[in-house]
Amino acid sequence: MPLLADSGYEGAGNGIHVPVKQPADGRELDVDTRTRNALLRSLRCLGERGFALLEQRWRTLQHITLSPSRVGDIAKAALVLTHVEHGKIT
């Protein structure tokens with residue numbers, strides 16, 4: 001399964017897509033590489049924003065001692081509530 005990561009995970013293995021860093025000699029990246037980096041950033045920001053919105057709910061989930069499948073159900077419910085809160089679901 002492909003994974004989007006930041007540049008700190010460079011060399012982590014197959015399937016982990018990271019942005020290409022600027023060359024040390026100061027050369028510009030070609031337009032295709034810059035476009036790929038922009039696409040990776042735009043996709044990653046969606047997940048980062050989603051996690052930021054649920055961050056407070058995750059703090060409370062850390063103290064639950066239910067089975068992992070039950071915690072997953074509660075996290076899904078928190079996600080639905082967040083969507084309702086932000087007008088994504090009416």
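Residues take their numbers from the sequence shown, with the count starting at 1.
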Participant: Compute whether any side-chain donor of one residue and acceptor of the other, for Thr33 and Asp30, lie under 3.5 angstrom apart.
Facilitator: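 Note: Thr33 and Asp30 side chains meet the donor-acceptor criterion.
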
Participant: Grab the two heavy atoms, one from Pro19 and one from Leu40, that are nearest each other, plus how far apart they are.
Facilitator: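 Smallest interatomic distance, heavy atoms only, reads N-CD1, 3.8 Å.
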
Participant: From Arg34 CZ over to Glu28 CD, what is the distance, rounded to the nearest 0.5 angstrom?
Facilitator: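 Separation between the atoms: 5.5 Å.
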
Participant: Hey, what do you get for NE2 (His17) to CG (Leu39), rounding to the nearest 0.5 Å?
Facilitator: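 Here the interatomic distance stands at 12.5 Å.
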
Participant: Using atom types as modelled and distance alone, determine if a side-chain donor or acceptor of Asn37 lies under 3.5 Å from a backbone N or O of Val20.
Facilitator: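 Present.
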
